Colleague: 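Below is one structure. I have some questions about it.
From a predicted model like this one, the values you see are computed outputs, not experimental measurements. When reading the values below, keep in mind they use all heavy atoms of this one structure, side chains included, and skip hydrogens, waters and symmetry mates.
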Amino acid sequence: MNFEELELNPRIIAGVKKAKLKTAKEILSLSGPDLQRITHLSKSDVQHLLSAVAVTYRTHPPVTALQLHRGEYPSLGPAHRLTLACPVLDDLLRGGLPLNGITELAGESGAGKTQFGLQLCLSVQYPQRYGGLDSGAVYISTEDSFPIKRLWQLIPQQGQLRPELPQSFIRSIRFSDRIYIEHAADLAALQSLISQRVPLLLSRGLVRLVVVDSVAALFRAEFQADQSVERARNMLAFSSTLHRLSHNYSAPVLCINQVTDVIDGGSSSARCNFGLVNNKVLPALGMAWANQVMVRLMLRRLEGTVTRGHQASAPRRLEVVFAPHLPRESCLCGVWMEGVTGMSNASLGQ
């Protein structure tokens with residue numbers, strides 16, 4: 001490293017050379033007192049040295065919370081999201097799924113969780129100007145077989161779901177060619193997928209979305225009640241791999257989760273720890289998994305039926321349980337032939 005190029009007093013440079021420190025790594029790996037001892041420089045000189053050397057490793061200037069609040073750094077702001085292809089749902093999530101971190105969607109069987117996963121697999125293929133990421137998706141099934149029939153229903157209905165886009169452009173996208181379907185029968189196969197196959201797809205730019213449906217199935221099947229420590233260790237390894245992939249490739253990760261019943265008479269404080277109060281069900285896998293999730297969404301199927309034209313759907317409520325950038329809010333939605341779309345409260349006659 002050429003220390004003469006740094007804005008340092010010649011006295012500091014001479015001390016560094018006398019101590020035979022040649023690289024920035026050597027300097028930054030030493031503590032302040034150690035640098036004082038081997039360079040014979042004062043405490044203030046060592047602080048100047050560390051600051052000047054650290055700047056050479058910093059590719060971007062630091063960003064303050066005030067700058068983020070003012071929107072001065074849009075690349076870190078809420079505009080960078082993966083759309084759900086519905087203005088109501090996107091408004092709830094402030095633009096869609098964040099590109100970094102794990103988003104969990106929990107709900108009972110039949111709530112419509114898989115519908116969201118399929119819809120995102122199609123959304124990610126649109127260019128960024130239309131809310132997508134101009135790439136494909138990898139869909140990892142751990143329970144049932146991949147719902148290929150439903151996917152084939154959704155693809156020709158994309159024009160109906162997104163009527164504001166040029167229909168000729170939608171027809172030009174070969175949606176089925178960019179969805180990579182994987183099946184994991186056990187935890188070993190799942191870990192192999194996310195540590196070998198998925199990184200390969202991401203590094204080649206073939207995918208920018210990872211969907212795991214569901215995250216609870218294998219962990220519930222392979223561990224008994226008295227193996228909670230081992231289960232937590234495996235969940236941590238699994239989530240750490242997903243977080244690393246998401247941050248390295250700016251790829252959103254959607255983990256679909258099952259739910260577990262809440263036993264009446266239990267401590268209400270335990271429910272608050274999950275971010276849910278007065279709920280009959282909670283997301284599965286407990287607090288060990290909850291701590292690995294950045295955004296937790298809950299999908300509930302409500303009673304009744306709503307109609308739209310010749311179609312009918314059971315209403316659902318999508319709720320934000322916790323997220324670092326979202327308030328605790330919810331919206332109504334329905335599952336239609338073209339996909340999942342939000343609804344107003346008036347749809348339920350409220």
Side-chain angles (χ1 to χ4, degrees), residues 68-69 71 74-107 111-137 139 154-155 157-167 169-170 173 175 208-211 246 250-256 293-300 302 306 308 313 315-348:
L68 284 176
H69 178 70
S75 62
L76 301 176
H80 285 63
R81 300 281 188 267
L82 172 59
T83 179
L84 275 79
C86 170
V88 176
L89 300 177
D90 283 343
D91 184 62
L92 176 69
L93 302 182
R94 302 300 187 268
L97 261 62
L99 302 192
N100 294 321
I102 297 175
T103 298
E104 177 200 59
L105 177 61
K113 306 183 297 296
T114 298
Q115 304 287 334
F116 275 89
L118 294 176
Q119 189 155 311
L120 285 167
C121 287
L122 300 177
S123 257
V124 72
Q125 300 186 43
Y126 288 90
Q128 292 189 13
R129 66 182 183 275
Y130 295 142
L133 298 175
D134 199 14
S135 189
Y139 197 106
L154 291 173
I155 290 176
Q157 295 292 326
Q158 283 296 293
Q160 183 71 19
L161 180 66
R162 309 193 68 173
E164 75 282 2
L165 302 187
Q167 298 300 295
F169 175 78
I170 294 177
I173 302 177
F175 290 102
R208 285 281 301 278
L209 171 68
V210 179
V211 179
S246 177
S250 293
V253 175
L254 176 69
C255 287
I256 295 173
V293 174
M294 187 180 74
V295 178
R296 167 166 281 179
L297 306 175
M298 194 81 172
L299 187 63
R300 292 187 295 120
L302 307 178
V306 292
R308 193 181 67 182
S313 170
R316 276 86 167 170
R317 183 170 295 278
L318 180 64
E319 179 182 6
V320 177
V321 180
F322 61 72
H325 61 293
L326 299 174
R328 180 72 180 272
E329 292 180 344
S330 66
C331 74
L332 294 174
C333 58
V335 178
W336 313 98
M337 182 67 72
E338 66 272 17
V340 184
T341 59
M343 303 185 301
S344 65
N345 287 332
S347 302
L348 293 179

Colleague: Enter the distance from S135:OG to L209:CG here, rounded to the nearest 0.5 Å.
Modeller: 9.0 Å
Colleague: Report yes or no: does T103 contribute a side-chain atom to a donor-acceptor pair with the main-chain N or O of M294 at less than 3.5 Å?
Modeller: no
Colleague: Would you say the side chain of L82 lies within less than 4.5 Å of the side chain of R208, judging by non-hydrogen atoms?
Modeller: no
Colleague: Restricting to salt bridge (Lys or Arg N to Asp or Glu O under 4.0 Å), what partner residues turn up for R300, sequence neighbours left out?
Modeller: none
Colleague: Are V88 and M343 close enough that some pair of their side-chain heavy atoms sits under 4.5 Å apart?
Modeller: no
Colleague: Over all heavy atoms of both residues, which pair between S123 and A85 is shortest? Give the atoms and the distance, please.
Modeller: OG-CB, 3.6 Å
Colleague: Check C331 against L92 and note the closest heavy-atom contact, atom names and distance.
Modeller: SG-CD2, 3.7 Å
Colleague: Any non-hydrogen side-chain atom of T341 less than 4.5 Å from a side-chain atom of L89?
Modeller: no
Colleague: State, to 0.1 Å, how close P98 and V295 come at their nearest heavy-atom pair, and which atoms those are.
Modeller: CG-CG2, 4.1 Å
Colleague: Side chains of Y139 and L118: does their closest heavy-atom pair fall under 4.5 Å?
Modeller: yes
Colleague: Who are the side-chain contact (heavy atoms from CB on, under 4.5 Å) partners of Q125, not counting sequence neighbours?
Modeller: L122, I173, F175, R178, I179
Colleague: Between V320 and L297, is there a side-chain heavy-atom distance shorter than 4.5 Å?
Modeller: yes
Colleague: So do the side chains of S250 and L133 get within less than 4.5 Å of each other, counting heavy atoms only?
Modeller: no
Colleague: Taking side chain as C-beta onward, heavy atoms only, is Q160 less than 4.5 Å from W336?
Modeller: no
Colleague: Under 4.5 Å between any side-chain heavy atoms of R317 and M298, yes or no?
Modeller: no
Colleague: More than 12 foreign heavy atoms under 6.0 Å from CE of M337: is that the case here?
Modeller: no
Colleague: Could you tell me which non-hydrogen atom of V124 sits nearest to which non-hydrogen atom of A137, and how far apart they are?
Modeller: CG1-CB, 4.0 Å
Colleague: Between the side chain of R316 and the main-chain N/O of A111, is any donor-acceptor distance below 3.5 Å?
Modeller: yes
Colleague: Of all residues at least two apart in sequence or in a different chain, which pass the side-chain contact (heavy atoms from CB on, under 4.5 Å) check with P163?
Modeller: none
Colleague: I need the C333 SG to L318 CG distance, nearest 0.5 Å.
Modeller: 5.5 Å
Colleague: Show me the pairs that pass salt bridge (charged side-chain N to carboxylate O under 4.0 Å, His left out) and involve residues 82-92, at least two apart or across chains.
Modeller: none
Colleague: Mind checking side-chain contact (heavy atoms from CB on, under 4.5 Å) for Q167 and listing every partner two or more places apart, or none if nothing turns up?
Modeller: I170, R171
Colleague: Can you tell me how far apart CG (L254) and CG (L105) are? Round to the nearest 0.5 Å.
Modeller: 6.0 Å
Colleague: Could you give the distance from SG (C255) to CZ (R296), rounded to the nearest 0.5 Å?
Modeller: 11.0 Å
Colleague: For the CG atom of N100 and the OG atom of S246, what is their distance to the nearest 0.5 Å?
Modeller: 5.0 Å
Colleague: Find the distance between CZ (R162) and OH (Y126) and round it off to the nearest 0.5 Å.
Modeller: 5.5 Å
Colleague: List in chain and number order the residues that pass side-chain contact (heavy atoms from CB on, under 4.5 Å) with Q115, two or more places apart in sequence or in another chain; answer none if no residue qualifies.
Modeller: R150, V335, V340
Colleague: For E338 and Q157, work out which heavy atoms get closest and say how close.
Modeller: CA-CB, 3.5 Å
